[in-house]
Amino acid sequence: MSTSDDIITTSNGLGYTSSSAAHPESLVKPPQAPSAGEDTIEIKIEFGGGLHLLFSSQPSHKIHIPRNIPNDDNTATQPVNMRYLVKWMKSNLLSEREEMFGDGDGVRPGILVLINDADWELEGELEYELRDRDEIVFISTLHGG
């Protein structure tokens, strides 16, 4: 990341760069993080293959989400997983065309998901339990033409 005269330029390592001057929407306040007293984890999310266009044209996000989430029966908690993250992203980060990203609880076919540089199919897909500072990358393998 470099700064110059209040202009911030960042790169996400996938060849995308963004500048606060070129994208004033990046100056918009990010979604509200859980309250400070709540136990949270930090997750880095990146987009490739054009998916960033569905997320306010920002190729990289750092978010804080609860470490534990309620079970389906609301009687206990369980560690946060990819299923919760995808749902959270749809509600809090996705800026347009949900059908281009989501499919039920998961993501559309044709979107490669990497968890810490490994294919999420090797990690348990939606059931993978997220850990603090995990890096999740979504890459569209579908292109028009």
Side-chain angles (χ1 to χ4, degrees), residues 1-70 72 77-145:
M1 177 167 72
S2 65
T3 60
S4 171
D5 298 323
D6 296 328
I7 297 174
I8 300 171
T9 304
T10 58
S11 172
N12 70 350
L14 296 174
Y16 296 107
T17 60
S18 64
S19 167
S20 62
H23 298 286
E25 69 274 3
S26 68
L27 298 175
V28 174
K29 190 174 184 179
Q32 190 88 6
S35 64
E38 198 172 339
D39 194 14
T40 64
I41 59 174
E42 180 181 284
I43 304 293
K44 182 176 182 181
I45 302 171
E46 296 186 348
F47 301 102
L51 278 178
H52 67 287
L53 297 172
L54 302 177
F55 294 88
S56 301
S57 296
Q58 293 184 26
S60 183
H61 298 263
K62 278 193 181 174
I63 64 165
H64 292 88
I65 57 175
R67 184 176 304 275
N68 294 298
I69 56 174
D72 293 333
T77 61
Q78 65 182 10
V80 67
N81 57 24
M82 283 295 294
R83 181 180 315 277
Y84 177 86
L85 177 65
V86 170
K87 185 177 181 180
W88 187 93
M89 289 171 57
K90 290 177 187 176
S91 298
N92 295 283
L93 292 180
L94 190 63
S95 60
E96 60 184 88
R97 303 198 55 188
E98 180 179 336
E99 72 278 3
M100 297 298 293
F101 178 72
D103 183 27
D105 285 345
V107 297
R108 278 185 67 164
I111 295 179
L112 174 64
V113 182
L114 302 175
I115 300 172
N116 300 319
D117 297 324
D119 190 329
W120 79 328
E121 291 179 1
L122 302 174
E123 301 290 345
E125 296 183 357
L126 292 170
E127 302 310 317
Y128 173 79
E129 293 179 1
L130 293 164
R131 295 177 300 226
D132 194 34
R133 306 213 190 276
D134 273 347
E135 293 185 13
I136 313 298
V137 181
F138 297 88
I139 303 171
S140 175
T141 61
L142 305 175
H143 304 280

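Residue indices begin at 1 and follow the sequence shown.
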Over 12 foreign heavy atoms within 6.0 Å of CG, D132: yes
Taking the side chain as every heavy atom from C-beta outward, state whether [X] and [Y] have any atom pair closer than 4.5 Å.
{"X": "L93", "Y": "I63", "answer": "yes"}
{"X": "V80", "Y": "R67", "answer": "no"}
{"X": "T77", "Y": "I69", "answer": "no"}
{"X": "I136", "Y": "V113", "answer": "yes"}
{"X": "I111", "Y": "L142", "answer": "no"}

Sidechain-backbone polar pair: N81 side chain, Y128 backbone, donor-acceptor under 3.5 Å: no
Donor-acceptor pair, side chain of D134 and main chain of L130, under 3.5 angstrom: no
To check you understand the geometry: which heavy-atom pair defines the closest contact between [X] and [Y], and what is its length?
{"X": "S56", "Y": "S95", "answer": "N-OG, 3.0 Å"}
{"X": "A118", "Y": "E123", "answer": "CB-OE2, 3.6 Å"}
{"X": "H52", "Y": "P59", "answer": "CB-CA, 3.6 Å"}
{"X": "R131", "Y": "N116", "answer": "NH2-ND2, 3.9 Å"}

Set of residues satisfying side chain to side chain contact (heavy atoms under 4.5 Å, CB included) with respect to [X], sequence neighbours excluded:
{"X": "K87", "answer": "none"}
{"X": "D103", "answer": "R108, P109"}
{"X": "L112", "answer": "L114, D119, I139, T141"}

Non-neighbouring partners of E42 that pass salt bridge (Lys or Arg N to Asp or Glu O under 4.0 Å), sequence neighbours left out: R133
Contacts of type salt bridge (Lys or Arg N to Asp or Glu O under 4.0 Å), residue E96, not counting sequence neighbours: none
Sidechain N-carboxylate O distance under 4.0 Å for K44, E46: yes
F55: ring pair (Phe, Tyr, Trp, His ring centres under 6.0 Å) partners, not counting sequence neighbours: F47, F101
